[in-house]
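Take a look at the following structure, please.
Both backbone and side-chain heavy atoms feed into the values below; hydrogens, waters and symmetry mates do not.
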Amino acid sequence: MVQFELLRILAMLGVVMNHVYNNGLHIYEDFRVDASSPLGFLVWSVLELMKLLVLPSVNCYILITGYFLIDRLDFRLKGVWKVWSTTWIYAVGIYLLALILGVVPFESKELLRHATPLLSNSYWFVTSYLILLLLAPMLSWAFQHVSKRQYQLALVIGGFVCFQPLLGWLVMDDQQVLLFIYLFLIGGYIKRYAENTFSMQKSVWASVLVLVVMFAYTLYKNYRNEPTSDSQFTIFAMAYHGLVLPLSVAMFLIVKNLQINNERLRKAILFLAPLSFAVYIIHTQSIVDSWLWRVASDWLSGSETVLLPLICIAISLSVFVVCVLIEYFRQTIIHKISILMKKKSFLMLCFLAVISVANAQSRIDRQKLNDPESFTIVVFGDVQNYTKCDVYQPIYELCTAWVADNIEALNIKTVLFTGDLVNRNEMIVPGRGSMNQTSKQMWEWSSHCLKRLDGKVPYIIAAGNHEYGYARGDEPFTHYAEYYTPERNSLTGKHLVAAFPNRQGQASLENAAWEFTDKNWGKLLIIGSEWAPRDEVLEWAKGLCDSEKYKDYTVIFLTHSLLRGRTGNYTDKEGYKIEQRNYGKEIWEKLLFPCKNIRLAVCGHTGHPASDDGKEPGSSYDHEINNAHRCDKNSAGKDVHQMMFNVQYLGGGNGGDGWLRLLEFMPDGKTIKASTYSPLFGISPLTKHLAHQTDPFCQFEMVIEK
């Protein structure tokens with residue numbers, strides 16, 4: 001969620017400001033503000049409050065880590081490598097640059113120290129953070145099956161250990177691994193048990209209360225003319241007898257409850273957040289650190305006392321911005337180098353040679369476009385029956401893995417899901433036989449399968465009825481927004497242009513729009529909707545389509561319920577109890593017909609097993625009753641193609657046989673070739689002849705009139 005990315009930025013800015021205080025201003029040592037006059041007391045108070053506000057910065061950063069990793073059991077080696085390599089590049093690079101410029105003399109001992117920044121403890125935070133990332137899967141595993149009460153007991157014991165001065169010898173100086181583990185577990189506890197316990201108002205009041213107590217303590221120490229140095233307390237408390245911990249949690253909850261809807265602000269946050277970690281690495285590099293705070297200290301010492309708070313802020317922002325720019329240019333240069341390397345014919349020939357040796361047998365599941373200038377949109381029908389039973393779950397992952405493997409071969413622009421990614425939104429007692437998973441297990445497996453696509457291709461998910469309520473979509477609450485956010489897949493977030501609140505009033509991808517561009521098809525807009533969309537959702541979608549910005553776009557509408565299988569009739573009066581609903585008939589009348597630029601609608605939801613009609617499962621009849629396609633004229637006299645694709649009843653009970661709908665958008669800018677393919681059959685030489693379904697309802701063309 002974008003608010004957590006904002007917190008990462010603010011936390012890193014707070015770290016810089018904290019260093020300005022301790023290393024540049026020396027507020028608790030030789031540089032002290034005379035608070036005897038009213039003006040001096042005001043300046044001192046502002047400086048103290050600013051200091052208190054930035055103290056939780058490191059804690060908040062670790063709380064975010066615990067919040068997101070508490071349920072993940074996989075080792076994040078890619079993340080560990082990224083942190084380590086970035087640290088090493090700057091540690092060595094800045095040292096070599098200083099050597100070239102003659103800033104420092106060459107010493108083999110110094111070269112070794114900079115070449116091993118983590119072993120030499122040059123970056124205590126990075127060292128502790130990497131240790132935490134390596135321990136995170138084990139911590140998640142250890143706390144996977146504990147009860148809420150046992151978790152609370154662990155936090156109480158952990159708090160005693162971390163904030164007991166007599167136990168400070170358990171870790172090395174400045175390596176707060178135990179505190180990081182404790183903060184990780186607190187973040188995880190919030191995610192599991194206190195997600196909606198603390199409102200924005202409660203969090204703000206808690207922060208204010210703790211700040212008042214901490215400030216009162218500093219007043220008392222100042223009155224007695226005693227320094228408030230952190231060294232008076234255990235390193236785990238960080239400052240002021242451990243009150244920084246509750247302040248950190250309260251501030252974390254404040255940002256967590258933020259709703260950031262401004263698109264420009266969201267994009268700015270998502271741009272800055274990945275660059276912010278390097279701010280710490282650059283400005284704390286020993287050579288930079290020594291020069292930076294010497295200059296800052298001289299500047300601050302010669303400044304007017306009344307301007308000190310503003311100067312501290314200006315220095316902090318300057319350091320942050322310069323470091324971000326340096327990291328941006330570094331990433332840009334590395335990206336361009338990697339592109340150049342890919343273009344080298346020699347490397348390409350080597351790559352092809354390795355592939356040809358490693359694969360004596362050619363890939364039989366690799367699909368090809370009818371025209372190399374085409375692009376593909378992949379459609380997943382309802383996958384709920386894959387997720388509800390552990391035996392069928394690997395089929396779902398095979399499908400997403402196959403899509404990821406064929407992104408380049410099929411020029412896949414995006415992936416659409418018709419909804420019902422789980423069979424039950426809220427079920428804690430698993431059934432037996434074909435539904436032996438709880439709702440949490442279903443949500444987590446679906447999320448796990450989609451990781452195959454994260455960062456590789458955008459995907460858009462319509463919310464189905466089984467994503468809502470307790471059983472089948474009769475109530476408005478859903479866990480959808482907890483698992484599918486703009487931030488989890490950078491490419492999905494990149495194309496996102498609009499969103500509308502869900503039934504619970506939250507900004508969510510349940511109702512959202514994405515923009516794509518193709519040289520042959522021009523501008524495309526894909527709008528996804530919630531289950532049985534409300535009137536206001538249809539009005540919002542119509543407003544987008546009719547707006548000056550999107551009126552000339554070709555629009556694709558993705559929803560869950562629109563057509564019935566086989567007949568292609570519109571769904572209507574389905575009997576669900578959820579209020580403010582529209583089914584297929586109303587969606588056509590209120591949105592698809594009046595909008596002049598919606599040219600394709602995609603849905604799932606309906607269909608039934610062949611056995612219900614006395615037919616043999618696995619026959620073409622299976623596909624006939626779980627597919628539909630119709631074409632109607634809209635108010636402008638243009639064709640609107642509507643396609644229903646559902647897989648949940650296919651495969652005789654295994655959840656869908658891995659069938660996918662491939663939509664190839666031809667380079668003529670008007671023809672879409674629809675085909676139906678199964679990676680489950682296509683992956684084996686014994687069954688590859690069964691991998692394509694060629695019946696008329698599974699393989700057809702749609703022409704989009706201009």
Any donor and acceptor pair, going by atom type alone, linking the side chain of Y386 with main-chain N or O of G658 inside 3.5 Å?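 The answer is yes, because a donor-acceptor pair under 3.5 Å joins these two groups.
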L247 CG to S207 OG distance, which is reported to the nearest 0.5 Å: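 Between atom CG of L247 and atom OG of S207 there are 5.5 Å.
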Donor-acceptor contact below 3.5 Å, side chain E467 vs main chain L421: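 Side chain of E467 to backbone of L421, a donor-acceptor pair under 3.5 Å: yes, one is there.
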Verdict with supporting geometry, S446 and Y483, side chain to side chain donor-acceptor pair (under 3.5 Å): CA-CA 9 Å; S446 182; Y483 290 89; over 6 Å; no
Looking just at side-chain N and O atoms, do Y484 and E510 make a donor-acceptor pair shorter than 3.5 Å?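 Side chains of Y484 and E510: no pair found under 3.5 Å.
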For the pair T492 (side chain) and R488 (backbone), establish whether a donor and an acceptor sit closer than 3.5 Å, ignoring hydrogens and angles.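 Looks like no, no N/O pair under 3.5 Å.
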Any luck finding a side-chain donor-acceptor pair between H466 and N425 under 3.5 Å?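 Checked: H466/N425 side chains show no N/O donor-acceptor pair below 3.5 Å.
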Indicate yes or no for a side-chain donor-acceptor contact from Q150 to the backbone of S147 under 3.5 Å, with no hydrogens or angles considered.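 Yes; judged by distance alone, with no hydrogens or angles, the pair exists.
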Distance in Å, H19 NE2 paired with S57 OG, rounded so as to fall on 0.5 Å steps: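 Atom-to-atom, H19:NE2 and S57:OG are 9.5 Å apart.
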Regarding H114 and S286, do their side chains bring together a donor and an acceptor under 3.5 Å, going by distance alone?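 Yes, side-chain donor-acceptor contact under 3.5 Å.
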I'd like to know whether OH of Y328 has more than 12 heavy-atom contacts from other residues, nucleotides or ligands below 6.0 angstrom.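 No, not enclosed.
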Any side-chain heavy atom of V177 sitting closer than 4.5 Å to one from L132?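 Counting from C-beta outward, V177 and L132 never come under 4.5 Å.
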CG of L7 to OH of Y67: how many Å apart, nearest 0.5 Å?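 Rounded to the nearest 0.5 Å, the CG-OH separation comes out at 12.0 Å.
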Go through D474 and Y468 one step at a time and tell me if the side chain to side chain contact (heavy atoms under 4.5 Å, CB included) criterion holds. CA-CA 7 Å; D474 288 324; Y468 290 84; over 6 Å; no
Any chance you could measure I186, atom CD1, to I62, atom CD1, to the nearest 0.5 Å?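 If I round to the nearest 0.5 Å, the distance is 11.5 Å.
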Distance-only donor-acceptor check, side chains T414 and Y459, under 3.5 Å: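 On atom types as modelled, these side chains do not qualify, holding no pair under 3.5 Å.
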Just by distance, no angles: are the side chains of D289 and T284 close enough, under 3.5 Å, to form a donor-acceptor pair?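 There is no such pair between these side chains.
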Electrostatic pair D454-K456, nearest N-O below 4.0 angstrom: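 Not counted as a salt bridge, because no side-chain N and carboxylate O are separated by less than 4.0 Å.
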According to the interplanar angle, ranging from 0 to 90°, do the rings of F125 and Y280 count as parallel (below 30°), tilted (30 to 60°) or perpendicular (above 60°)?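 Rings of F125 and Y280: perpendicular, over 60°.
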Specify the closest pair of heavy atoms between L496 and A512, including all atoms of both residues, with the distance to one decimal.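 Minimum heavy-atom contact is CD1-CB, 3.8 Å.
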Is E487 salt-bridged to R266, going by a charged N under 4.0 Å from an acidic O?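 The answer is yes: the pair qualifies as a salt bridge.
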Looking at Q3 and K256, would you say the former's side chain and the latter's main chain have a donor-acceptor pair under 3.5 Å?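 Side chain of Q3 to backbone of K256: a pair is present.
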Are F320 and M17 side-chain neighbours, meaning at least one heavy-atom pair lies under 4.5 Å?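 Sidechains of M17 and F320: no contact.
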Taking the side chain as every heavy atom from C-beta outward, state whether E475 and I578 have any pair of such atoms under 4.5 Å apart.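 Side chain of E475 against side chain of I578, heavy atoms only: no contact under 4.5 Å found.
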Does L69 offer a backbone N or O that forms a donor-acceptor pair with the side chain of S140 under 3.5 Å?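 Judged by distance alone, yes, a pair lies under 3.5 Å.
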Output all residues satisfying side chain to side chain contact (heavy atoms under 4.5 Å, CB included) with I269, sequence neighbours left out; order by chain, then residue number.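 Side chain to side chain contact (heavy atoms under 4.5 Å, CB included) check on I269 returns V2, E5, L6, I9, I260, L265.
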Any side-chain to backbone donor/acceptor pair from N406 onto W402? Under 3.5 Å, distance only.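 Pair found, side chain donor or acceptor close to backbone of W402.
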Taking the side chain as everything from C-beta on, heavy atoms only, tell me whether I70 gets closer than 4.5 Å to Y189.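 Sidechains of Y189 and I70: no contact.
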Do the non-hydrogen side-chain atoms of R192 and F143 ever get within less than 4.5 Å of each other?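 With C-beta onward as the side chain, the pair touches.
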Side-chain donor or acceptor of Y182 paired with backbone N/O of L155 under 3.5 Å: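 Side chain of Y182 to backbone of L155, a donor-acceptor pair under 3.5 Å: yes, one is there.
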Could you walk me through whether S439 and V422 pass the side chain to side chain contact (heavy atoms under 4.5 Å, CB included) test, one step at a time? CA-CA 7 Å; S439 290; V422 296; over 6 Å; no
Evaluation steps, side chain to side chain contact (heavy atoms under 4.5 Å, CB included), between V83 and F277: CA-CA 8 Å; V83 172; F277 191 83; 3.7 Å; yes
Verify whether one side chain among N502 and N511 offers a donor that lies under 3.5 Å from an acceptor in the other.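 Checked: N502/N511 side chains show no N/O donor-acceptor pair below 3.5 Å.
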Flag, side chain of H495 to backbone of W514, donor-acceptor distance under 3.5 Å: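 Looks like no, no N/O pair under 3.5 Å.
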Side-chain contact, heavy-atom cut-off 4.5 Å: Y90 with Q285?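 No, their side chains stay 4.5 Å or more apart.
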Heavy-atom pair of closest approach, residues I683 and L680: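 Smallest heavy-atom distance, with atoms named: CG2-O, 3.6 Å.
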Contact between V279 and E327 at the side-chain level, heavy atoms closer than 4.5 Å - yes or no?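 Heavy-atom side-chain distance check fails, nothing below 4.5 Å.
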I'd like to know if the side chain of T400 and the backbone of R452 have a donor-acceptor N/O pair within less than 3.5 Å.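 No: the side chain of T400 does not pair with the backbone of R452.
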Please determine whether the number of non-hydrogen atoms from other residues, nucleotides or ligands lying under 6.0 Å from atom CZ of F477 exceeds 12.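 For F477, atom CZ is crowded (more than 12 foreign heavy atoms under 6.0 Å).
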Y151 side chain reached by L185 side chain, heavy atoms, under 4.5 Å: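 Yes, their side chains come closer than 4.5 Å.
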Please tell me whether F417 and F380 form a close aromatic pair, meaning their ring centres lie under 6.0 Å apart.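 Yes; F380 has its ring centre under 6.0 Å from that of F417.
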Quick one: do the N423 and D420 side chains pair a donor with an acceptor below 3.5 Å?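 Side chains of N423 and D420: no pair found under 3.5 Å.
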Working note: F252 + F4, criterion ring-ring contact (aromatic ring centres under 6.0 Å, His included); need CA distance, chi angles, decisive distance, verdict. CA-CA 9 Å; F252 172 83; F4 289 107; 5.7 Å; yes
Output the distance between atom OG (S276) and atom CD1 (I281), rounded to the nearest 0.5 Å.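 Output value for this atom pair is 10.0 Å.
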Any chance the rings of F184 and F68 have centres within less than 6.0 Å?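 Not close enough - the centres of the two rings lie 6.0 Å or further apart.
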Q393 and Q437: side-chain donor and acceptor closer than 3.5 Å?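 There is such a pair (donor and acceptor under 3.5 Å, judged by atom type) between the side chains of Q393 and Q437.
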If you measure only the distance, is there a donor-acceptor pair under 3.5 Å linking the side chains of N436 and K388?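 Short answer, no.
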May I have the step-by-step check of side chain to side chain contact (heavy atoms under 4.5 Å, CB included) for T438 and I428, ending in yes or no? CA-CA 5 Å; T438 65; I428 62 174; 5.6 Å; no
